[in-house]
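Since the structure comes first, as structure tokens, the remarks are kept for the end.
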Amino acid sequence: MDKRYDPGSEQKIYRLWEKSGAFTPTVPKNKARQSPPFTIILPLPNASDPMHMGHAMFVIQDILCRWHRMMGEPVLWLPGADHAGIETQYIFEKRLSETGKSRFDYDRKTLYKLIWDYVEENRKINQFQLKELGFSLDWTRYHYSLEPNIVNQVLKTFRKLYQDDLLYRAERIVNYCTHCGTAFSDLEIDHVERDDFLYYLDYGPIKIATTRPETIFVDVAVAVNPKDKRYKNLIGKKAIIPLINKEIPIIADDLVEIDFGTGALKITPAHDSTDFEIGQKHQLPTISCIKLSGKMVNTIPEIDELYPSQARKKTIEMLEKQAKLVKTEPLHHTIGICYRCKNVIESLPVPQWYVKTKPLAKPAIESVKKGETKIFPPRFKKTYLDWMENIRDWNISRQIVWGPQIPAYYCLDCNPTIQINFIDKKGKIISGLYQDLKNKYQFQQIKKGLQTLNAPITADYFLKNSKNICPKCKVSHVLQETDTFDTWFLSGQWPLTTLGFNVDNPANSSPDFDYFYPTSVLDTLWDILFFWVGRMMIFGFYLAKKTPFKTVHLHAKVTDEKGQKMSKSKGNVINPSSTVQKYGADALRLALVYGTAPASNISLSDKKIEAMRNFTNKIWNASRFVKIIINRFKEQNPNLEINLSLRGLRLHVGGRGNPDDDEILSNLNQIIKSTTANLEKYRFGQASEDLYQFFWHQFCDVYIEKIKDRKEDVIPVLMHVLITSLKLLHPFIPFVTETIYQDFKQEFSLKKDLLITSLWPKAK
RNA sequence: GGGUCUGUGGCUCAGUUGGUAGAGCGCUCGGUUUACAUCCGAAAGGUCGCAGGUUCGAGUCCUGCCAGACCCACCA
């Protein structure tokens, strides 16, 4: 053994484990006679990006898996990768723009293929990184969210939702990023504070205040609060939109704040969710003045085709000229921006696919209330229930290419007003309604060069037709919906799909599903409790009638040494791979759990990782010293038989042994108890601290120092404490402990082949 | 506006059901030919944000306040 522990050969150890089959549990033929399995589904990393420190927190799962494996349970930790729709397409488009191209240069098939190839490279990197950290994942059961079997089941789920009347299309005001060309959920947009202006405009008999004068052209009413005395006599009369002199009704609605602005609100249902709500209530039309491309429409010739910010400037100029701008005052408010590209989110009416979530959420709520699904730490139970009880219908369609297309089909002949964008033979983008295009272009050309289609809300669709022939008119001018699924629609079914659940015929699911579902623990960061955990709960109950996991454990978030979030722009990112290369995976793993609490922040610093690296070296050297001592006895007495069996130990039980031995054995017994109890209660921070204290200060500093002049009778206890310590430490720092064990196994002919599959110590 | 969390030694954080405060790093002093300087020994350093309350006893439970972080929400 070298003077220092060299983590350079960690991957050799990993291959040893993998080859031994320790990561791959087998499903017993007779389920009843086997102990129940311990199962964790790895939160699937995005295949688009190399991993960051947050992913290294999966070490919690590895600790649990290794511990349960040592308890003799069949353990499955299932790895995978997520295609991560929006995220991936965003990253890819950024790269594309560096080459001077954009997504508009390609038809969907070509673009899809380009992204696919890009993701494949990264997927391999991710797999390597997970291995680098020593994660005992069953690679024979690896899954990817876009592999045919997974997608196939997801499409079946979509059809089942349709059959169960839980699916609908609706034009809704959505948060739409005209830059990314897609809609976002409320939870996906960021809010920033901004200094803007509030414009007071003259609407004839009434004055209104707005931040968005460029949208006045599609106003359909002016609303006042019914309790507002100032305007009582105006309700039912007409206001006049300036510049176009259009009359609109003055209506009353209590959503209007009396104290804000003039107390009169212009109603633009197409571009504001409050306005939309009021518009629906009063049966007012929804007319949009911003196209999906982000340009103005339905305004006046001077303004059409401008972008909203330009349009605002122009509108104000014109209002000023006509003396309709009463006053302008500064306004500090918050606006929504795209969390990806940081551009302003527009509220636009777009037809979307929705899932009715209220009935689906019910069992997912009940299960947590009853404690069938436990949430740890418990305070997140309330957060979870709040979200689930106030759940809104789920918009599952995204206007991007990267992901499985929604399996709905439109007949163009039956729906001639479908809007189509495609690339023609010359590479030019052609846009228009099908009825206008069909005489100029052949259907096959449209289909081949198709980028997107936009079917009006009234369009007829059908879900399945193997020949793609319209069931009504029997013509085959059929196109599939170009919207793709929200990523969470796929990852929400992950515990089901990866284990081989059969949506159409649950009784016909794979043996893996029967054995491993429900899984034991789902460990993730709290920020996707709703996005992911909630959706998995919903699908688990909807499809399999059972909770997908018995316990949800929320781990801590990694921050820098000052407690700040790691980000590239701050330059405080610690990269897991380079940390592993510098200090070893064990040091990083321990730094992430040592002295930490769940669902809090973990401030990670080089100093802390270094301290943990020193600990791994301490273990290495203590072991080396034990080996030196024993070999010294051997040299003195070549006939010495090293008694490593517990028979040698029994001498010490009952106070008949050496007092130093008794003390360390008693301390060892204590640490076995406390470590086991801490692991049972998810107290990884405490467990690792206690082990650190025991090994370094009780075993090394006290016991080993004392036994330096002892004779060979010390061997059984010394070896027993060391090997037992290696076992207790193994879930936390698997590489150094297994490396030492392999060395000792050879030197002293130990029976058990691998530490990873050795038995967890039992306390007396 | 509603909600959650945090405030413990210089720094970063633990502290399980209430029983007179702990760790890592840093600092000071000393040691170290003989497992490890990625080492060993010793010392300094905290009225546990503030004010009340419950209790024989509170960092730990309750109330209020102060400071900070985050989440949710339709103020144009």
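The sequence lines fix the lettering, A, B, ..., with proteins before strands; numbering per chain opens at 1. Because the structure is a prediction, the values reported are computed rather than measured.
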Taking only side-chain nitrogens and oxygens of [X], does any of them come within less than 4.0 Å of OP1 or OP2 of [N]?
X	N	value
A:Lys3	B:C36	yes
A:His697	B:G24	yes
A:Thr616	B:C36	no

Given [options], the nucleotide with the shortest approach to the side chain of [X]:
X	options	answer
A:Cys700	B:A23, B:A35, B:C25	B:A35
A:Arg392	B:C74, B:A23, B:G3	B:C74
A:Lys618	B:A76, B:C39, B:U16	B:C39
A:Ala622	B:A76, B:A35, B:C71	B:A35
A:Asn614	B:C39, B:A35, B:A76	B:C39
A:Asp701	B:C74, B:C40, B:A35	B:C40
A:Asn617	B:C36, B:A35, B:U4	B:C36
A:Asp272	B:A76, B:C40, B:C5	B:A76
A:Glu689	B:A76, B:A23, B:C74	B:A23
A:Ala597	B:A14, B:C25, B:C71	B:A14

The criterion is salt bridge (Lys or Arg N to Asp or Glu O under 4.0 Å); which residues satisfy it with A:Arg632, sequence neighbours excluded?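 Residues passing salt bridge (Lys or Arg N to Asp or Glu O under 4.0 Å) with A:Arg632: none at all.
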Span that lies between the [atom1] atom of [M] and that of [N], in whole angstrom:
N	M	atom1	value
B:G9	B:A23	P	14 Å
B:G18	B:A35	P	48 Å
B:G53	B:G41	C1'	46 Å
B:C62	B:C5	P	10 Å
B:G46	B:U63	P	31 Å
B:C66	B:C74	C1'	32 Å
B:A73	B:U20	C1'	47 Å
B:A14	B:U28	P	28 Å

Reading RNA chain B from 5' onward, which residue's closest nucleotide shows up sooner: A:Ala264 or A:Gly685?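 The 5'-side residue here is A:Gly685.
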How is A:Tyr594 classified with respect to the nucleic acid when contacts are heavy atoms under 4.0 Å: base, sugar-phosphate, or nothing?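 The answer is sugar-phosphate, as A:Tyr594 gets under 4.0 Å only of primed atoms, P, OP1 or OP2.
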Once you measure the plane-to-plane angle for [X] and [Y], does it fall in the parallel (<30°), tilted (30-60°) or perpendicular (>60°) bin?
X	Y	value
A:Phe530	A:Trp387	tilted
A:Phe748	A:Phe744	perpendicular
A:His553	A:Tyr682	parallel

Lys/Arg N to Asp/Glu carboxylate O, A:Glu610 vs A:Lys582, below 4.0 Å: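 No.
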Under the 3.5 Å rule, do the base of B:A35 and the side chain of A:Glu705 count as making a donor-acceptor pair?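 Per atom types, the contact qualifies.
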Distance under 6.0 Å and angle within 45° of the ring axis: does A:Lys708 meet both against A:Phe625?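 Yes, A:Lys708 and A:Phe625 form such a contact.
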